[in-house]
Amino acid sequence: MARINDHFLKLQAGYLFPEIGRRVAAYAAEHPDEAKDIIRCGIGDVTEPLPQVAIEAMHRAVDDQARRETFHGYGPEQGYEWLREAIAEVSYKQRGVQVEADEIYVSDGAKCDTGNILDIFGHENAIAVPDPVYPVYVDTNVMNGNTGAARKDGSYEGLLYMPCTPGNNFVPEPPEQHADLVYLCFPNNPTGAVATREQLEKWVAYAREHKAILLYDGAYEAFITEPDIPTSIFALPGARECAIEFRSFSKQGGFTGTRCGYIVIPKELTAKDAAGHDVPVSRLWARRHTTKFNGASYIVQRGAAALFTPEGQVQTRALIDYYLTNAALLSEACRSAGLNVWGGKNAPYVWVQTPDGMGSWDFFDRMLREAHVVITPGAGFGAHGEGFFRISSFNSRENAEEVARRIGKL
Ligand code: MLT
């Protein structure tokens with residue numbers, strides 16, 4: 001008899017964003033006259049067209065596929081060298097960070113990578129996650145059998161939760177307890193918090209002392225506007241021996257629907273096998289990647305590579321600035337309404353305390369019913385997200401301005 005993976009049964013609810021989508025669809029079905037008025041600031045999905053350089057590069061790549069001489073079949077699983085070289089040069093070396101092209105693995109996005117990375121780690125690891133947190137880190141650990149049962153507040157036995165609160169400005173200190181794998185995400189999803197160099201130094205020191213690995217999600221690094229904030233964990237001395245970095249073109253290049261991301265695993269990074277020997281982590285990831293993945297599409301990789309040309313850099317900056325202006329507008333609207341606000345400065349997400357101690361999902365309902373605006377309830381990101389909500393700035397300027405007006409009227 002076929003058996004399921006019972007760990008899936010521990011998962012508490014559907015994945016957060018489809019759940020929000022379900023609630024919004026139900027409301028729209030009950031109130032068809034209001035449906036067209038609803039503005040979605042829930043999931044962080046981009047709305048603006050791709051940078052023109054990417055469009056043109058992908059058109060050319062489609063034409064390549066039309067001629068035998070320029071046709072591309074299976075590409076290298078790790079990604080085309082011209083893309084990995086461009087990433088290493090522009091995203092790292094030009095910023096004084098040592099990352100080589102052969103340490104980069106191109107994929108179809110950071111969500112898949114942050115979930116798939118667990119394939120190469122054992123089940124004995126002590127795992128630390130921030131709370132609130134991007135749900136993928138927690139749910140994939142549940143699916144992999146790395147946790148116990150769910151608790152009433154939605155957290156899971158067996159994970160070490162690191163509370164992120166106004167008290168620590170939503171940047172957790174390294175814990176007293178030991179952890180082997182630590183998820184960090186800066187600029188943070190959902191709180192929009194960024195970590196200073198000093199804070200990241202403490203994390204690198206913790207990882208080195210505990211022989212832990214930092215799983216560093218830098219999907220939103222392009223939104224960092226303050227020059228002193230590190231854009232990569234590898235900007236910190238000693239991080240090459242204790243970190244993996246996840247990056248994405250989704251938000252930086254508007255690729256949510258085009259799909260491309262990458263992961264950086266330095267050659268120095270090792271972890272122990274059962275006999276206590278050091279094994280290069282990149283060797284395992286390369287093995288996993290070549291077995292389970294056939295490479296991101298040639299056309300998409302051509303589009304991604306175009307973002308690293310000088311023209312592409314200008315167009316990408318303009319796209320990011322567009323969303324950051326939305327974030328500033330939305331933050332200001334919430335502040336003017338007397339709400340406590342974080343994020344929105346070096347990040348596309350604005351993190352807001354609900355008024356009068358309202359529950360996150362209650363406030364979600366209120367925003368939907370009274371303002372016809374979809375936000376993300378903080379509780380969906382973890383127990384410490386209760387009492388907060390997230391507004392995504394990924395929207396047209398017109399919609400962001402309208403949401404700001406509606407917040408003012410609430
Ligand atoms: C979010 O809204 O948190 C993101 O869009 C989710 C993701 O990038 O997968």
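The first residue of the sequence shown is numbered 1, and numbering continues consecutively from there. Every number for a ligand or one of its atoms is a count from 1 in the order of the listing.
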Revision key, fill the gap. Any heavy atom of I43 under 4.0 Å from ligand 1? The part involved is both

Check your understanding: Should the ring pair F223 and Y220 be called parallel, tilted or perpendicular, given that the plane angle runs from 0 to 90° and is split at 30 and 60?
Key -> tilted

Check your understanding: Backbone N or O of G42 within a donor-acceptor pair of the S392 side chain at under 3.5 Å?
Key -> no

Review point. Ligand 1 and R390, any nitrogen or oxygen pair closer than 3.5 angstrom?
Key: yes

Point to revise | Ion pair check, E89 and K93, cut-off under 4.0 Å | key: no

Check your understanding: Between F255 and F249, how do the two ring planes meet: parallel, tilted or perpendicular, split at 30° and 60°?
Key -> tilted

Exercise for review: Go through ligand 1 atom by atom and flag the ones less than 4.0 Å from a non-hydrogen atom of N189.
Suggested key: 1 (C), 3 (O)

Review point. Counting heavy atoms only, which part of F381 comes closer than 4.0 Å to ligand 1: side chain, backbone, both or neither?
Key: neither

Review point. Can you list the ligand 1 atoms lying under 4.0 Å from a non-hydrogen atom of G44?
Key: 1 (C), 2 (O), 5 (O)

**Study point:** Proximal atoms of ligand 1 relative to K251 (non-hydrogen, under 4.0 Å)
**Key:** 4 (C), 5 (O), 8 (O)

Point to revise | From T258 atom OG1 to D108 atom CG, the distance as rounded to the nearest 0.5 Å | key: 12.0 Å

Exercise for review: Compute the minimum heavy-atom distance from F394 to ligand 1 and say whether it is under 4.0 Å.
Suggested key: no

Review point. Could D6 and R3 be called an ion pair, given the rule that one side-chain N must be under 4.0 Å from one carboxylate O?
Key: yes

Review point. Could an N or O of ligand 1 be found under 3.5 Å from any N or O of Y134, whether backbone or side chain?
Key: yes

